[in-house]
Amino acid sequence: MTQAMRIEGGMIDRERTLAFSWNGRWMTGYQGDTLASALLANGERLVGRSFKYHRPRGIFSSGSEEPSALVQLRDGAAQEPNTRATTVELFDGLIATSQNHRGPLAFDLMAVNDLLSPFLSAGFYYKTFMWPKAFWERVYEPLIRASAGLGRLPMQPDPDAYDHGFLHCDLLVVGAGPAGLSAALAASRTGLRVILADEDFVPGGRLNAETHEVDGQAGADWAAAATAELTASDRVRLMTRTTVFGAFDHGTYGALERRTDHLADAEGRPRQVLWRIYSRRALLAAGATERSIAFGNNDRPGIMLAGAVRAYANRFGVAPGRNVAVFTNNDDGLRTAEDLGGKGIEVSAVVDARRGNVVVDTIGRGGIRAIRLGDGRRVEADCLAVSGGWSPNVHLTCHHRGRPAWNAEIVGFVPGGELPPGMCVAGAANGTMTLAATIREGHEAAAGLAEDLGAKGSPGTPAKAVDEGFAASPFWQVTGLRKRAWVDLQNDVTTKDVRQSHQEGFRSVEHLKRYTTLGMATDQGRTANVLGLALMAEAAGKSIEETGTTIFRPPYTPVAIGAFGGRARGRHFRPFRLTPSHKWAEENGADFVEAGMWLRAQWFRQPGEKGWRDSVDREASQVRRSVGVCDVTTLGKIDIQGRDAAEFLNRVYANAFLKLPVGKVRYGLMLREDGICYDDGTTARLAETRFVMTTTTANAVLVFRNLEFARQCLWPDLDVHLISTTDGWAQFAVAGPNSRALLSKVVDDLDLSNDAFPFMACAECSVFGGTPARLFRISFSGELAYEIAVPARYGDSMIRALMKAGEAFDAVPYGTEALGVLRIEKGHVAGNEITGQTTARMLGLGGMLSRSKDAIGLKLSGREAMNADDGMCLAGFRPVDRSVILTAGAHFLNTGDPADMAHDQGWMTSVAYSPELGTSVGLGFLKRGKERIGETVRAYSPVRDQDILVEVCSPHHVDPDGVRQRG
Amino acid sequence: MIINHPLLGPRDSAEFVVLGDACLIDRPDGMNATFEELHDYAYVRDNPAGEHRELWYHEQGDRSWLVVTRSTLTHEVIKVDLARDVARARGRSR
């Protein structure tokens with residue numbers, strides 16, 4: 001079969017034949033076809049099955065409002081369900097299949113639902129599946145799940161790429177129909193920077209589908225000439241295949257551009273681009289959407305909107321039928337008969353509801369064959385063109401919650417109430433339904449906006465056209481039917497459902513929508529909503545105005561989640577930073593872990609080690625025995641300078657900082673204003689007016705933000721300035737009894753003896769003969785330890801040089817796990833303890849809080865309840881049976897007490913196997929923990945199925961007196 | 001949303017972090033204030049339907065804290081000031 005329904009004319013390139021596959025059969029179409037027009041050209045009328053009743057469905061429209069012709073497009077991982085055949089541009093090799101049927105499309109087994117329709121009306125879910133209760137999970141839910149949905153997902157990762165982009169313009173024109181083109185021409189002539197976006201692949205809108213004349217030439221030719229002028233202008237960005245889907249704040253619009261959907265091979269280019277368009281003004285020229293009329297069996301393949309019938313005949317050179325009938329309530333429908341007549345297509349009847357003629361039923365199982373009129377006559381027709389009037393596309397005007405207003409003259413909702421700031425509307429979207437008026441309105445609106453924005457050029461004069469007849473009447477449904485009449489084709493909502501919703505008390509439009517699912521399908525009821533509202537109004541005896549509309553929300557047409565995700569997929573969803581020693585660590589067997597925004601070495605696997613514990617035990621032991629090196633670059637570093645820097649620190653740390661001497665480091669505790677601890681770290685005073693603060697890895701951003709808040713908002717005249725230097729310095733902890741010996745080989749001309757450079761000393765120095773460095777004598781492990789920092793660009797050289805210098809001491813690199821073991825052994829708190837719910841007193845740091853100053857959080861940390869004597873307190877724990885491994889998260893109970901929250905004594909926060917002590921050790925919060933050393937309590941973890949006895953001890957499992965770090 | 005930064009001109013709100021009620025500028029002095037005053041400062045915020053003064057931080061920009069006067073109903077930005085200027089005008093100094 002070779003395009004039996006193809007006729008003369010149209011905007012298709014007959015020189016370029018394209019082959020495509022429909023349900024496994026190869027057919028041909030032409031460049032310029034949509035999948036829908038190509039299917040029609042090949043005589044394919046039945047293209048899908050409806051959602052609920054599995055009724056045969058065909059192509060209903062010629063645009064993005066399509067409710068019925070939803071197909072599965074492409075194959076493999078790239079396939080996309082629920083694609084509207086009316087918007088899919090045909091390309092060579094396109095593969096499409098029909099969806100939502102079991103067995104062949106023409107003999108869908110699920111069509112049994114149509115016979116069961118009396119039981120499947122609105123709200124059947126809520127009524128039918130109530131009993132017996134036990135059936136819900138085993139029978140009903142699997143049944144519903146099996147029948148739900150339309151197309152199928154490929155269940156493979158999306159192979160396509162999506163981009164995000166940002167555009168700026170003076171004027172965004174939405175829609176390139178007569179109003180939009182006219183507006184863009186005027187605006188560009190005045191000198192404005194214009195973006196003109198249209199969802200179609202050819203600008204012109206209805207001009208391409210009608211036989212109007214503009215400026216003495218065919219409308220489509222005028223549109224092409226206008227497009228050429230706009231394309232030539234360097235002030236205009238003409239974006240076809242681009243849907244402006246949402247109006248957001250302050251002139252920001254969301255738009256989706258389909259870049260490669262119309263190509264057989266994207267050649268690696270992004271499939272779609274999600275644009276964020278920043279506009280000073282916007283002009284909505286989105287046109288209008290035709291709607292149907294409710295009459296018996298008005299859903300059969302071959303029943304089509306009249307405007308779509310004209311589009312297929314005029315634009316695509318396809319006869320939608322050999323024998324077409326027209327059913328209309330307005331003048332616009334009659335034009336269909338004229339246009340078809342002009343194309344030599346037989347028109348078997350024009351049924352005008354305004355003259356009391358109606359269609360009551362249609363005949364034909366897989367597609368319409370004949371219609372039955374109100375007077376009982378049968379008229380043969382293989383296509384029925386229906387026009388129930390046009391609804392202006394007001395969607396974007398309502399995205400800021402504006403409500404449209406009813407206009408009885410055009411029988412449709414027009415923009416009303418408050419429009420999004422900066423937005424104007426012109427043309428059919430504004431309820432201006434005739435051509436000359438539309439062109440003039442677009443021109444004048446643009447000229448007005450240009451003047452508003454101070455553009456100096458002349459907008460020229462609007463193109464000339466004739467206003468066609470437009471007389472609409474509010475005729476919605478044929479009454480007294482015995483057959484079902486559809487309102488919403490996609491969700492299978494009939495007039496009966498709307499009546500039933502009213503009878504059962506779901507009378508507000510929002511209830512009607514949710515009870516019947518009217519307008520809730522992927523087409524958002526573009527061809528159905530107004531009809532549904534009108535029927536509801538009739539049932540309630542109210543006006544449409546009183547009935548109102550549901551709320552319009554973005555997106556105007558569906559946008560793939562992939563487009564919103566853009567490039568932020570997989571590893572790019574949350575990119576991580578690499579430490580300066582990352583490459584070296586990779587070379588040396590490191591496993592990595594995400595820490596805050598960073599990837600850090602977790603441990604370094606050595607040959608022969610069977611599991612992570614082997615590596616971690618070895619690393620921790622070697623630090624305590626000799627020396628180890630750990631990259632601690634990820635800790636936040638903030639350079640703080642100014643005459644008031646010390647005063648500033650004294651106000652943001654809860655402990656005293658004013659008198660910290662130059663060349664010394666101090667541990668600092670930060671509170672939130674509510675008195676809870678949120679971060680800790682060390683701050684070094686490099687000079688009278690210069691400090692370097694460190695924060696935890698996770699809170700680096702937050703601390704910096706809070707310091708800026710304090711500096712700018714609380715004490716604006718303190719002389720203090722901040723800059724984050726986290727990325728600027730590569731910093732390494734060198735820990736263990738041999739750390740001094742190792743660093744002596746590294747640091748130039750600095751006396752590292754305990755007297756000259758004692759615990760908590762700091763200095764600016766140099767390493768390896770002149771490389772600038774900073775040295776801090778601080779210890780997280782409890783051993784004699786230092787941290788040495790060099791500018792980040794030396795980080796890789798530094799780790800290699802440090803390890804080289806350490807060979808004499810069998811120095812090991814250690815990762816975050818060994819770091820954790822060492823600090824738990826030592827009893828230093830970290831993120832597991834500083835959770836944002838713990839006080840300094842709980843952490844055993846209550847004594848640090850200064851009572852002689854004001855600092856953030858100090859006052860409220862003194863609240864009674866936070867200082868109660870029976871409060872939680874940090875303690876150490878070891879299993880009574882030393883061979884047992886402790887569990888973090890276990891709750892403490894007094895022996896003999898029942899395991900319930902009333903008897904809760906606290907919880908374990910951190911555990912580690914201590915190679916030093918040969919047993920598992922833990923830290924945790926225990927009621928009056930400090931006083932209970934030596935007691936035995938239960939550690940109970942129902943989650944891990946553990947119930948053991950543990951001994952309470954000092955949190956300082958190793959070197960409680962701090963001899964080593966001071967040595 | 002677009003925030004008209006007093007120093008940098010119009011910037012997309014995605015560059016900012018919002019903190020909320022600008023009353024956080026009016027921090028009582030902990031040495032003299034009562035628990036109740038500090039409690040109200042730490043916990044009590046206005047959340048009006050309509051015009052609201054909010055603190056926004058230009059984290060992906062110049063790190064200015066701003067006081068943005070904004071309608072929470074329409075998102076209209078009525079006024080934008082540097083928080084430092086607002087703080088000074090409210091008598092804060094050192």
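By convention in this document, chain letters (A, B, ...) are assigned in the order of the sequence lines, proteins followed by strands, and residues within each chain are numbered from 1.
- Top candidate by heavy-atom pairs under 4.5 Å with chain B, chosen from A/Arg863, A/Lys853, A/Arg705, is A/Arg705.
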Worked check of salt bridge (Lys or Arg N to Asp or Glu O under 4.0 Å) between B/Asp21 and B/Arg53: CA-CA 6 Å; B/Asp21 195 340; B/Arg53 292 168 69 249; 5.8 Å; no

Verdict with supporting geometry, A/Leu274 and A/Phe245, side-chain contact (heavy atoms from CB on, under 4.5 Å): CA-CA 10 Å; A/Leu274 188 79; A/Phe245 63 79; 3.5 Å; yes

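- A salt bridge links A/Arg193 to A/Asp170: one of the charged nitrogens lies within less than 4.0 Å of a carboxylate oxygen.
- For B/Ala22, no part lies under 4.5 angstrom from a heavy atom of chain A.
- Interface remark: B/Ser13 contributes no atoms to any contact with chain A (heavy atom separation under 4.5 Å).
- With a 4.5 Å cut-off on non-hydrogen atoms, B/Leu55 touches chain A through its side chain but not through its backbone.
- Contact annotation for A/Arg401: neither backbone nor side-chain heavy atoms come within less than 4.5 Å of a heavy atom of chain B.
- The aromatic ring centres of A/Phe576 and A/Trp598 sit 6.0 Å or more apart.
- Counting heavy-atom pairs closer than 4.5 Å to chain B, the top-ranked of the candidates A/Phe248, A/Phe709, A/Phe166 is A/Phe709.
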Worked verdict on A/Asp727 versus A/Arg577 for salt bridge (Lys or Arg N to Asp or Glu O under 4.0 Å): CA-CA 10 Å; A/Asp727 299 343; A/Arg577 299 177 176 184; 3.1 Å; yes

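- Heavy-atom distances place the side chain of B/Tyr57, and not its backbone, under 4.5 Å from chain A.
- The greatest number of non-hydrogen atom pairs below 4.5 Å with chain B, out of A/Asp854, A/Leu718, A/Asp719, is found for A/Asp854.
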Derivation and outcome, side-chain contact (heavy atoms from CB on, under 4.5 Å), residues A/Leu419 and A/Val425: CA-CA 9 Å; A/Leu419 265 49; A/Val425 194; 3.6 Å; yes

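- Taking the six-membered ring where tryptophan is involved, the planes of B/His58 and B/Phe16 are essentially parallel, since the angle between them stays under 30° and well short of 60°.
- Listed options B/Glu76, B/Arg27, B/His39, B/Glu59 were ranked by heavy-atom pairs under 4.5 angstrom with chain A; first place goes to B/Arg27.
- Here the straight-line distance linking atom CG of A/Leu671 with atom CD1 of A/Ile856 works out to 9.0 Å at 0.5 Å rounding.
- A side-chain donor-acceptor contact under 3.5 Å links A/Asp639 and A/Gln641.
- Scanning residues 83-93 of chain B against chain A with a 4.5 Å heavy-atom cutoff picks out B/Ala83, B/Arg84, B/Ala87, B/Arg88, B/Arg92, B/Ser93, ordered by number.
- Around the CG atom of B/Asn47, the shell of radius 6.0 Å holds no more than 12 heavy atoms that belong to other residues, nucleotides or ligands.
- Interface remark: A/Tyr278 contributes side-chain atoms only to the contact with chain B (heavy atom separation under 4.5 Å).
- Here the straight-line distance linking atom CD of A/Glu673 with atom OG of A/Ser861 works out to 10.0 Å at 0.5 Å rounding.
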